[in-house]
Amino acid sequence: MSANADIARLFAEMADALELLGENAFRVNALRKVARTAEDAAEDLAALARTDVKTLESIAGIGASSARKIVEFATTGRMHEHAELLAKLPEGLMGVLRVPGLGPKTVKLLWDQGGVTDLATLKAKLESGALEGLPRMGAKTLQNIRENLAFLETAAARARLGDALPIAEALVAALAALPGVKEAAFAGSLRRGKETIGDIDLLVATTKPKPVMDAFVSRPDVAKVLAHGDTKSSVRLQSGLQVDLRAVEPAAWGAALLYFTGSKEHNVLLRERAQERRQRLNEYGLFPDDGQPEPPQERGVKPVAAATEEAIYKALDLPWIPPELRESRNGLAPAPASLIQVTDIRRELHCHTTASDGFETIESIIGEAKRRGFDCIAITDHSRSSAQANGLSEERLLEHAKAVRAAGKRVGGIHALAGSEVDILADGHLDYPDDVLAELDWVVASPHTALKQSSEAATQRLLAAIANPHVRVIGHPSGRIIGGRPGLEPDWQAVFAAASKARVALEINAKPMRLDLRDQLVHAALAAGCLISINTDAHALDNFDLLRFGVTTGRRGSLTLEHCVNAWPWKRFEAWRTSRGR
DNA sequence: GCCGTTTTCGGCCCGACTGTTTTCAGTCG
């Protein structure tokens, strides 16, 4: 999977380089599309390049030329066109493109006429005044570049879904409370539930947008106003997060929500479908195409559909597609009939108590699970090797199991499973011997250490854990931390095949810093016939609220109720739980 | 560079906003 990320980076860099060199914009866009396709792909493109180039070329957006480049990368680890392109530019010049507001035209101008070759020379020449007098470089523009460069130097990477969503929800609530606002919502990658987001896209429906825009840019948490128009404004919050707000007429709400939710590929597919039906789709509605070049909304043409997303999909003979599935890997395929949702989840199968590194007593966390309507909770404190997490010795584990069962009886009305989150050691052995695991009701096996081992070692490690008859779930299978560490990169196809055969579920850990398995891998695991378990890995009572992030990740991987063991009726779950190892 | 029951060549989304402009180029989404 990391090969896909590498491929995406190489193509994105080629697109940047070509743009700086003034190459044809459509060629640049085509390369960008390959980059986005690679980033979203559920398949391992490098593996495909080695075994099945035809299928690689059949992926929308990847043509013969890009396939050839991917094959070269998959077989040699190099992409010579990428290297040759980058050699034509000063090494740090592409970094200058990361400054907000600086695009290829301006960077090329700064390079050709200003001698800027990287962020350091840009900073020096801004300070020395060497850029004054260049075309289109007025005082205001130079000041903006200064500020945006300073921002770039301190900016964090993309925000995690778990951090951005609560901020967006608060902003939406504030906008919805303003006079004249009929609807307010967040759109963009946040609505699609991507694990990280670059900015927050907000949308309001109102007939009087100006006061809404004014109120928005005047918020106390706004650090800088990037744009302030009648229907569109853009700010940077003190947290560094950029927030864009668009205002539309209530009658065009659905069209705007659809348009600003994306993804780009999804929008293109919808527009193409509209064109096939002699219709035009834009952010103002779905219109009959009368062949006139001027936008229909400016000529008073009545839309076929505009007020709701559902109406627009329906007019295009499509079912409404949930935002989480509007990614390139899904095309316009309808959502599966029973796509998982938060209300389907009946049990939590991975949580911690004060016995290891949790903050709640056994009884407290069982009570919380019951209060939330769950039929079962598995208590899975850490195993002995996780010393930093106060992992349990064999003796403590067996005592703990008794305490869990007793607490379950005291609370009543919920099944409390005495389990363990047992470490998968670097060599694939589990942290307790089989005869100890046999004493438990439930075993989640997870990697916690040696997360930089080779792909081969990681594959053998996970296969060994899957082969253990006591293991029912592989917890956070890669061990990655979003924006922190990449985690294990095993041969996922081999892992999925083994897990599918052994009926061992793979976890989607709902912690926003983990979301592990990630969405693309969930998609691939399901294609291989795997079972999935969504768990919050709760260490505190409010951690149960993180469930929605795990469910969103499952939805992005097309997870259905049938493949999620947390959603099964109790009898089916019990039959599966007790079907091995005992 | 990609794509094709209207094209294997000739298209490829386009509107809002800013800053420097005196009518528009560049960026962004």
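Please read these numbers as outputs of a predicted model, since none were measured by experiment. Letters A, B, ... are given to chains in the order of the sequence lines, protein chains preceding strands, and every chain is numbered from 1.
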message = Syn or anti for B:dT5? Use the chi torsion, O4'-C1'-N9-C4 for purines and O4'-C1'-N1-C2 for pyrimidines, with syn inside 90° of 0.
response = anti
message = Tell me which nucleotide, if any, is Watson-Crick or G-U wobble paired with B:dT8 when both distances must be under 3.5 Å.
response = none
Any carboxylate oxygen within less than 4.0 angstrom of a Lys/Arg side-chain nitrogen, looking at [X] and [Y]?
| X | Y | result |
| --- | --- | --- |
| A:Lys123 | A:Glu153 | yes |
| A:Glu327 | A:Arg192 | yes |
| A:Glu309 | A:Arg191 | yes |
| A:Arg32 | A:Asp16 | yes |

task = On DNA chain B, check which nucleotide each of A:Ser58 and A:Lys140 is closest to and give me the residue with the more 5' one.
result =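 It is A:Ser58 whose nearest nucleotide is closer to the 5' end.
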query = Closest nucleotide of DNA chain B for A:Lys105 versus for A:Leu31: which of these residues is on the 5' side?
reply =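 The 5'-side residue here is A:Leu31.
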How far, in whole Å, is [M] from [N] if one measures between their [atom1] atoms?
| N | M | atom1 | answer |
| --- | --- | --- | --- |
| B:dC3 | B:dT8 | C1' | 10 Å |
| B:dA16 | B:dT20 | P | 22 Å |
| B:dG15 | B:dG4 | C1' | 28 Å |
| B:dG10 | B:dA25 | P | 27 Å |
| B:dC12 | B:dC17 | P | 25 Å |
| B:dG26 | B:dG11 | C1' | 24 Å |
| B:dG19 | B:dT5 | P | 45 Å |
| B:dT23 | B:dG29 | P | 30 Å |

Classify the nucleic acid contact of [X] as base, sugar-phosphate or nothing, counting any heavy atom under 4.0 Å across all strands shown.
| X | answer |
| --- | --- |
| A:Asp199 | sugar-phosphate |
| A:Tyr284 | sugar-phosphate |
| A:Pro100 | sugar-phosphate |
| A:Lys264 | base |
| A:Asn29 | nothing |
| A:Ala35 | nothing |
| A:Asn144 | sugar-phosphate |
| A:Lys108 | nothing |
| A:Ser233 | nothing |
| A:Glu276 | nothing |
| A:Ala25 | nothing |

key: Donor-acceptor pair between A:His266 and A:Asn330 side chains, under 3.5 angstrom   =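 No, A:Asn330 and A:His266 have no side-chain donor paired with an acceptor closer than 3.5 Å.
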Boundaries of the chain A footprint along DNA chain B (any atom under 4.0 Å from a heavy atom) =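 Answer, 5' to 3': B:dG1 to B:dG29.
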A:Arg246 NZ/CZ over A:Phe260 ring centroid, <6.0 Å and within 45° of normal = no
query = Yes or no on side chain to side chain contact (heavy atoms under 4.5 Å, CB included) for A:Glu43 and A:Arg329, after CA distance, side-chain angles and deciding distance?
reply = CA-CA 9 Å; A:Glu43 308 90 349; A:Arg329 60 176 168 269; over 6 Å; no
task = Tell me, yes or no, whether the heavy-atom count around A:Arg278 atom CZ, taken from other residues, nucleotides or ligands under 6.0 Å, exceeds 12.
result = no
